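A quick write-up on the structure given underneath.
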Amino acid sequence: MNIVFAYHNGDADLAMESAKAITAMGINMRHKAYVCTRTGTKDSNAITQELKKSFPEVDQLVAQDGFDGWPLGPNQMFSDVACAMHSTKVPFYFWEPDCVPMKEGWVDDLDAEYHRKVGIMGHLYEGGMASNGKNIYKMIVGSAVYPPNFLEFCPSAQSLSTYNLAYKNAGTIPEPWDVRCRWNFMAIGRDTPLIRAYWKSVNYHWKDGRIVFYAEDPEAQAVQGVTCPDRVISSEAVVIHGCKDGSLHKMAQEGFPIPQSVLNEIQGETVCKNVEQIDTSDDICRKKPNKSTQKAKKKRVISEAERERRRQSMLAILARKRERKAQAAV
């Protein structure tokens, strides 16, 4: 599989963080990367060198100049990438700077899933109406995996460059490529749990043993209310798309360390479950808690009422033991 790392000047800093996150996930020996930028884009050589730490081969693609702003710039870049990838005969992932790999071997996992059923593969939004009245289209989010020859089956993608040029000359704003091409994409595409897109998401952090996030602004909050209302990342995903502040990128670079406060919460829950099991067991006197449980117990505050309940439960267990012992003696 080819990973096509596309970005522009405005995303250069986030692109570098994404490249570093890829490095942190280890080497991808069977795959190749491309860096796609316009001429003179900031940090293209530095990002290329960073990607060479995890891919055996990294080439550069030059996108056409003259298409500025959103979505003209991304539209043209995607069109240029699609044409360049057609001759490679290898599936490609159109990678954006707000994408973050979540585990070692993520490209291998995507490649295996792609070949299970060849076609466009990404996060399929089911669509709906946001609380602010914004219409959320049913569509496959554009940062996805594509067959090298997908243009042959997508007329709307074939004409994307002409479509883009017409809007540029008219001085008006076209639709983003994944919105314009959504019906063609869905006809040959499918949803995969390995890729999840959380639009304009920020402040990724651990909570209750899971990674959660927030919305960048009120509009993003309204959209997320339809596309990801619980704001908890999927444990199945090997790539998360949409982080705009670099918080998830940093977590990936550090290996997703779980803060001690979260570990304490998890350990506390485990101790609570162990206590409930002890209360109903006749073998309490012979059971020795392990060191991690002992450590967690010291951190847990127990009320006087709970302490008395446990004492009474222990007395009842001992009384039953004495009764059975006396009956055995007779």
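On a predicted model such as this, the values are computed, not experimentally measured, just so you know.
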Problem set entry | Side-chain heavy-atom pair Asp108, Asn28 within 4.5 angstrom cut-off | no
Exercise. Are Leu124 and Met139 grouped together when hydrophobic residues (ILVMFWY) are joined by side-chain heavy atoms under 4.5 angstrom apart?
Worked result: no
Problem set entry | Lys/Arg cation over aromatic Tyr198: Arg231, 6.0 Å, 45° cone | no
For this session: Determine, stepwise, if the pair Ile120 / Arg190 fulfils side chain to side chain contact (heavy atoms under 4.5 Å, CB included).
Result: CA-CA 6 Å; Ile120 296 174; Arg190 61 187 172 93; over 6 Å; no
Exercise. Does His241 offer a backbone N or O that forms a donor-acceptor pair with the side chain of Asp98 under 3.5 Å?
Worked result: no
Exercise. Does CD belonging to Glu219 count more than 12 external heavy atoms closer than 6.0 Å?
Worked result: yes
Exercise. Hey, does Met16 have a side-chain heavy atom less than 4.5 Å from the side chain of His249?
Worked result: no
For this session: Could you check if a side-chain atom of Val4 sits within less than 4.5 angstrom of a side-chain atom of Met85, using non-hydrogen atoms only?
Result: yes
Exercise. Is it true that a side-chain atom of Asn164 and a backbone atom of Asn75 form a donor plus acceptor pair closer than 3.5 Å?
Worked result: no
For this session: For the residue pair Phe55 and Trp106, categorise the inter-ring angle as parallel (less than 30°), tilted (30 to 60°) or perpendicular (more than 60°).
Result: perpendicular
Exercise. Do the side chains of Leu14 and Ile233 join up, straight or via other hydrophobic residues, at under 4.5 Å, putting them in one cluster?
Worked result: no
For this session: Could you tell me if the ring centre of Tyr146 sits under 6.0 Å from that of Phe94?
Result: no
For this session: For this output row, return yes or no: ring centroids of His31 and Phe92 closer than 6.0 angstrom.
Result: no
Exercise. Should the pair Lys138 and Tyr125 be classed as cation-pi, given the thresholds of under 6.0 Å to the six-membered ring centre and 45° from the axis?
Worked result: no
